[in-house]
Trainee: 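I have a structure I would like to understand better, so I am pasting it below and will then ask my questions one at a time.
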Amino acid sequence: MVRIAKETDPAKLEELKIKINDEQYLSIAIQQLAQVLSTEMLGIDEEKSMRT
């Protein structure tokens, strides 16, 4: 389900419009999302793995 923001910040929206066309930004964002999803899917608790 798509959620539409009730209040948008024009400055943040413009910043995102610029970033969405930046290949390096998108690459980093996708890598971060993949890492979070992989961690959650595998049931790995990052805090526990960082302690050991």
Trainee: Please write out which residues are connected to Leu26 in a hydrophobic cluster, directly or through intermediates, given that two of Ile, Leu, Val, Met, Phe, Trp, Tyr count as joined at side-chain heavy-atom separations below 4.5 angstrom.
Mentor: Leu16, Ile20, Tyr25
Trainee: Rest of the hydrophobic cluster containing Ile28 (Ile/Leu/Val/Met/Phe/Trp/Tyr, side-chain heavy atoms under 4.5 Å)?
Mentor: none
Trainee: Quick one: list whatever passes salt bridge (charged side-chain N to carboxylate O under 4.0 Å, His left out) with Lys12, sequence neighbours left out.
Mentor: none
Trainee: Glu40: which residues meet the side chain to side chain contact (heavy atoms under 4.5 Å, CB included) condition with it, sequence neighbours left out?
Mentor: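 Per chain and number, Glu40 pairs via side chain to side chain contact (heavy atoms under 4.5 Å, CB included) with Val36.
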Trainee: Apply salt bridge (charged side-chain N to carboxylate O under 4.0 Å, His left out) to Glu23 and list each qualifying residue two or more places apart in sequence or on a separate chain.
Mentor: none
